[in-house]
Amino acid sequence: MVHYGHSNQLRQARAMGDYLIVGVHTDEEIAKHKGPPVFTQEERYKMVQAIKWVDEIAPGAPYVTTLETLDKYNCDFCVHGDDITLTIDGKDTYEEVKTAGRYRECKRTQGVSTTDLVGRMLLMTKAHHSNIDEDLDYRKHTDNFGKGPKGHSPWTGVSQFLQTSQKIIQFASGKEPQPGDTIIYVAGAFDLFHIGHVDFLEKVHQLAERPYIIAGLHFDQEVNRYKGKNYPIMNIHERTLSVLACRYVSEVVIGAPYAVTADLLDHFREPKRRGIFQLVDSGSNLTTDLIVQRIIKNSTKWCVLGQTKHGTAAASSEGEVLFDRCGSLGLQREVIVTLGGSSGLEFEARNQKKEAKELAVLEAMKRLEEKH
């Protein structure tokens with residue numbers, strides 16, 4: 001999946017240089033090392049290109065980054081988050097470029113990952129919603145908050161993501177509409193920001209020579225009212241960053257009303273009366289519901305690959321996995337790596353937390369398969 005955590009890494013990477021080329025893996029490469037991708041490679045190519053800090057994409061980039069790849073695109077160095085990435089056989093995918101001194105690291109966005117989002121879909125909780133009412137469902141899952149070193153439960157993947165003004169400033173363009181700009185307003189949930197949203201916003205962007213697009217985002221409770229289940233999968237803070245990262249959007253209204261103005265009885269009646277309302281066909285049939293269906297459909301394949309990957313003793317040049325331990329979920333895996341210094345402790349902590357979350361989701365997928 002492509003989420004605001006990826007966008008934040010690309011923002012940081014772009015700040016390290018003058019031109020950002022983003023390598024995007026093929027479906028085949030992802031299926032081999034991580035499991036079936038949620039989005040097709042063509043969808044991912046377009047979604048990454050729509051992130052405003054990206055200058056160019058490299059389609060079909062290999063999963064293991066080599067010096068040959070960097071030289072092919074005339075890159076001085078490559079950038080990745082501070083969470084280690086391994087191949088299916090447990091090898092560091094950036095080992096070669098690290099050894100050559102052509103590797104840089106940016107901070108991973110805490111509180112979000114593909115695993116987290118999949119967990120929310122499968123566990124069907126609403127604890128990730130912001131400003132949620134004190135109802136039974138909320139009280140049932142309040143113990144998920146504040147757990148783990150980074151403020152979220154390692155078992156459910158429920159994030160206690162906190163929006164800050166600094167984070168919004170980092171993502172926002174900061175540009176005011178100028179004379180001659182055509183100001184266009186769009187509104188919606190924009191949940192799990194996907195290729196359907198990108199196609200729609202691109203079409204809207206083409207409506208004017210100098211468009212200034214303002215995207216209104218509905219509060220979580222409003223989205224849940226008209227979509228039901230545990231939607232939105234992303235809370236209002238997360239959706240804000242996802243939309244702000246899109247190159248076609250100039251500004252975001254956080255908590256926009258479902259109706260354009262409070263005194264209107266029908267949705268969009270006032271803009272229609274004034275003759276300034278326009279329907280835009282995105283040309284895409286992808287919806288948040290379809291994304292969830294794709295994930296459920298692929299759950300069995302993820303389970304198999306996850307068990308294979310986590311059953312591999314991933315070793316490094318300085319250390320090796322010492323032992324596994326079954327925990328309260330029956331599949332909890334504890335990885336201890338004998339690396340010297342503080343880097344070894346950080347490596348250990350990151351992998352324990354990441355694998356615990358992934359295995360919790362695998363368990364949820366298994367239970368879902370058993371029901372069906």
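Residue indices begin at 1 and follow the sequence shown.
- Around atom CD of Glu56, more than 12 heavy atoms belonging to other residues, nucleotides or ligands sit under 6.0 Å away.
- Atom CE in Met16 sits 5.5 Å away from atom SG in Cys106 (nearest 0.5 Å).
- Taking each heavy atom of Gln12 and Lys107 in turn, the nearest pair found is NE2-O, 2.8 Å.
- Using a 4.5 Å cut-off between side-chain heavy atoms of Ile, Leu, Val, Met, Phe, Trp and Tyr, with links allowed through other members, Ile21 and Trp53 fall into different hydrophobic clusters.
- The existence of a salt bridge linking Asp71 and Arg102 is confirmed by a sub-4.0 Å separation between a basic side-chain nitrogen and an acidic carboxylate oxygen.
- In this structure a side-chain-to-backbone donor-acceptor pair under 3.5 Å is present from His25 to Ala61.
- Closest approach of Phe39 and Glu43 over heavy atoms only: CA-OE1, 3.3 Å.
- For Lys98, the salt bridge (Lys or Arg N to Asp or Glu O under 4.0 Å) test picks out Asp92, with sequence neighbours left out.
- With rounding to the nearest 0.5 Å, the separation of OG in Ser284 from NZ in Lys46 is 8.5 Å.
- Side-chain contact between Tyr63 and Thr26 is absent, with no heavy-atom pair separated by less than 4.5 Å.
- To the nearest 0.5 Å, atoms CG (Leu286) and CD1 (Ile291) are separated by 4.5 Å.
- Leu10 and Ile195 fall within the same hydrophobic cluster, defined by Ile, Leu, Val, Met, Phe, Trp and Tyr side-chain heavy atoms under 4.5 Å apart, directly or through other members.
- In this structure, the side-chain contact (heavy atoms from CB on, under 4.5 Å) partners of Thr69, at least two apart in sequence or on a different chain, are Pro62, Thr66, Tyr73.
- The backbone N or O of Asp27 sits less than 3.5 Å from a side-chain atom of Gln41, completing a donor-acceptor pair.
- A distance of 11.0 Å separates CD1 in Ile233 from CG in Asn235, rounded to the nearest 0.5 Å.
- Within the 4.5 Å cutoff, the side chain of Leu207 has no heavy atoms near those of the Thr182 side chain.
- Looking at Arg14, its side chain does come within 3.5 Å of a backbone N or O of Gly17 through a donor-acceptor pair.
- Glu238 places no side-chain N or O within donor-acceptor distance of the main-chain N or O of Ile236, the cut-off being under 3.5 Å.
- Considering every non-hydrogen atom in both Asp191 and Thr288, the closest pair reads O-OG1, 3.3 Å.
- In this structure, Val243 is a member of the same hydrophobic cluster as Val186, with clusters built from ILVMFWY side-chain heavy atoms closer than 4.5 Å.
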List the steps and the verdict of salt bridge (charged side-chain N to carboxylate O under 4.0 Å, His left out) for Lys32 and Glu29. CA-CA 5 Å; Lys32 177 182 176 182; Glu29 279 281 81; 5.0 Å; no
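- Residue Asn224 comes nearest to Pro232 through the heavy atom pair N-CD, 4.2 Å, listed as atom of the first residue, atom of the second, then distance.
- Nearest heavy-atom pair across Gly216 and Ala256 is CA-CB, 3.6 Å.
- Aromatic pair Tyr258/His218: centroids less than 6.0 angstrom apart.
- The closest donor-acceptor contact from the side chain of Lys52 to the backbone of Val249 lies at 3.5 Å or more, if one exists at all.
- The distance from atom CD1 of Ile30 to atom OG1 of Thr40, rounded to the nearest 0.5 Å, is 10.0 Å.
- Within the 3.5 Å criterion, the main-chain N or O of Ser250 finds a donor-acceptor partner in the side chain of Ser173.
- Between Thr240 and Tyr4, every side-chain heavy-atom pair lies at or beyond the 4.5 Å cut-off.
- Atom CG of Asn230 and atom NZ of Lys227 lie 10.5 Å apart (nearest 0.5 Å).
- A heavy-atom distance below 4.5 Å is not found between the side chains of Ser282 and Val280.
- Side-chain atoms of His33 do not come within 3.5 Å of backbone N or O of Thr87 as any donor-acceptor pair.
- The shortest distance between side-chain heavy atoms of Phe171 and Ser7 falls below 4.5 Å.
- Connection of Tyr94 to Leu86 is not established within any shared hydrophobic cluster, with ILVMFWY side chains joined at heavy-atom distances below 4.5 Å, either directly or through further cluster members.
- Between the Arg44 side chain and the Val38 main chain, no donor and acceptor come within less than 3.5 Å of each other.
- Minimum heavy-atom separation, Asp281 to Gly283: OD1-N, 3.0 Å.
- In summary, Asp220 and Arg239 engage in a salt bridge, as defined by a charged side-chain N under 4.0 Å from a carboxylate O.
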Does Gln170 form a side chain to side chain contact (heavy atoms under 4.5 Å, CB included) with Leu241? I'd like the steps, not just the answer. CA-CA 9 Å; Gln170 290 172 341; Leu241 296 184; over 6 Å; no
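- Here the side chain of Arg247 pairs a donor or acceptor atom with the backbone of Gln49 at under 3.5 angstrom.
- Linking ILVMFWY residues whenever their side-chain heavy atoms come closer than 4.5 Å, directly or via other members, places Ile51 and Leu201 in the same cluster.
- Taking 4.5 Å as the limit, some side-chain heavy atom of Gln9 sits within range of a side-chain heavy atom of Arg108.
- With a 4.5 Å cut-off on side-chain heavy atoms, Glu202 and Gln206 count as touching.
- Taking 4.5 Å as the limit, every side-chain heavy atom of Ile254 sits out of range of all side-chain heavy atoms of Leu217.
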